[in-house]
Amino acid sequence: MQLIFMGPPGAGKGTQAQLLAALWKIPHISTGDILRACVVAKTDLGQKAQSYMDRGELVPDELLMDIVQERMNQPDAKSGWILDGFPRTVPQAAFFDRLLCDVDGAGGSNSGKDCDLRAVNLDVPDNVLVTRLLSRGRQDDNEQTIRRRLQVYREQTEPLIEFYRNREQLVAVDGDREMQEVTAELQKALSGDS
Ligand code: AMP
């Protein structure tokens with residue numbers, strides 16, 4: 001099972017990704033969680049990333065690529081994973097395709113295009129997202145940052161939906177429902193693909 005979770009901030013992708021990863025016993029890899037841990041630990045990377053995160057901007061692609069490459073090469077990521085919050089830009093998606101070739105060690109015969117990668121999009125209207133995010137209370141969940149994160153999502157991440165749809169790897173699910181309903185729908189949509 002190789003899954004990418006997309007969707008705007010507040011769509012519930014973190015929650016759903018975590019639930020399904022526990023159910024399927026595969027790692028839940030959240031680039032936001034990794035970055036927040038680096039910020040808390042005050043690593044070099046954390047110090048570079050923090051100002052972008054606080055402003056609701058994306059952290060530069062190069063920093064993400066190193067993080068993801070290192071994480072995907074860990075032994076627990078061999079038999080599948082759920083990636084939550086990556087890729088978020090077209091260059092990240094292109095990098096990820098190349099990385100999948102290397103991780104599989106198949107000498108280029110297997111890429112993101114050929115493998116059984118699925119990209120899940122959780123669709124939720126903006127007004128619901130803002131309400132959800134404001135009630136979450138994370139450090140980057142103030143109104144100004146929320147608005148910027150939504151704008152960044154529409155500009156930089158939404159084009160990936162078309163990218164994966166064109167490759168017939170997109171699974172689109174309505175995320176504006178009770179959490180359990182969304183989980184059930186995701187299980188149904190993804191079953192038989194592992
Ligand atoms: P998240 O927890 O996924 O909402 O991510 C929180 C913040 O971390 C985002 O607003 C970005 O600043 C940063 N971030 C997480 N993943 C990425 C990514 N793939 N590319 C760039 N920035 C990211």
Side-chain angles (χ1 to χ4, degrees), residues 2-21 27-74 77 81-100 103 112 117-124 126 128-161 163-164 169 175 179 182:
Q2 303 186 327
L3 287 180
I4 290 169
F5 264 60
M6 299 188 298
K13 56 188 184 330
T15 308
Q16 297 296 340
Q18 212 167 353
L19 275 168
L20 293 177
H28 164 225
I29 302 174
S30 154
T31 48
D33 284 351
I34 296 173
L35 288 167
R36 279 185 289 277
C38 292
V39 169
V40 170
K42 295 193 163 52
T43 63
D44 255 14
L45 178 71
Q47 282 172 350
K48 284 185 194 144
Q50 182 165 23
S51 65
Y52 296 97
M53 296 168 77
D54 286 347
R55 281 180 286 131
E57 301 292 339
L58 292 182
V59 173
D61 286 337
E62 317 79 80
L63 300 183
L64 267 296
M65 291 171 183
D66 284 348
I67 293 177
V68 170
Q69 179 151 23
E70 196 190 316
R71 185 62 188 88
M72 298 298 291
N73 280 313
Q74 303 287 314
W81 29 260
I82 300 184
L83 255 179
D84 163 12
F86 185 94
R88 249 178 164 103
T89 64
V90 172
Q92 288 181 15
F95 161 82
F96 192 56
D97 273 351
R98 293 195 298 277
L99 182 67
L100 286 179
V103 170
L117 181 75
R118 309 246 114 187
V120 174
N121 182 44
L122 290 180
D123 208 18
V124 179
D126 273 11
V128 178
L129 294 173
V130 174
T131 312
R132 282 189 190 176
L133 289 167
L134 281 173
S135 69
R136 195 166 69 171
R138 212 169 70 188
Q139 191 185 329
D140 56 350
D141 283 340
N142 62 73
E143 189 145 3
Q144 193 186 0
T145 312
I146 288 171
R147 280 189 208 294
R148 182 62 192 146
R149 278 175 24 230
L150 284 173
Q151 192 183 11
V152 166
Y153 171 79
R154 300 283 174 224
E155 287 167 9
Q156 303 199 46
T157 308
E158 213 164 49
L160 292 183
I161 294 174
F163 176 88
Y164 289 110
Q169 291 176 322
M179 193 180 87
V182 178

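In each ligand, atom 1 is the first atom listed, and ligand 1 is the first ligand listed.
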List the atom pairs, donor and acceptor, that lie under 3.5 Å between side-chain atoms in residues 46-56 and the rest of the protein, sequence neighbours left out.
from	atom 1	to	atom 2	distance (Å)
Asp54	OD1	Gln139	NE2	3.3
Arg55	NE	Ser51	O	3.2

Margin query: Strictly under 4.0 angstrom, heavy-atom based: which residues surround ligand 1?
Written below: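 Within 4.0 Å of ligand 1, protein side: Thr31, Gly32, Leu35, Arg36, Met53, Glu57, Leu58, Val59, Leu64, Gly85, Phe86, Arg88, Gln92, Arg138, Arg149.
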
Note to self: I need the full list of salt bridge (charged side-chain N to carboxylate O under 4.0 Å, His left out) pairs touching residues 133-149, with sequence neighbours left out, sorted by first then second residue.
What the structure shows: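 Only Glu57-Arg148, Arg136-Asp141, Arg138-Asp140, Asp140-Arg149, Asp141-Arg149, Glu143-Arg147 qualify under salt bridge (charged side-chain N to carboxylate O under 4.0 Å, His left out).
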
Next item on the list: Take Val59 and Leu45, measure what side-chain contact (heavy atoms from CB on, under 4.5 Å) needs, and give me the verdict at the end.
Entry: CA-CA 10 Å; Val59 173; Leu45 178 71; 5.8 Å; no

Item checked: Gln16 side chain to Gly12 backbone, donor-acceptor under 3.5 Å ->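 Not a single qualifying donor-acceptor pair exists.
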
Margin query: Please give me the minimum heavy-atom distance between His28 and Asp84, naming the atom from each residue.
Written below: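 Reported closest heavy-atom pair: NE2-OD2, 2.9 Å.
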
Next item on the list: Report the residues that fulfil ring pair (Phe, Tyr, Trp, His ring centres under 6.0 Å) with Phe86, sequence neighbours left out, ordered by chain and then residue number.
Entry: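 By the ring pair (Phe, Tyr, Trp, His ring centres under 6.0 Å) rule, Phe86 matches Phe96.
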
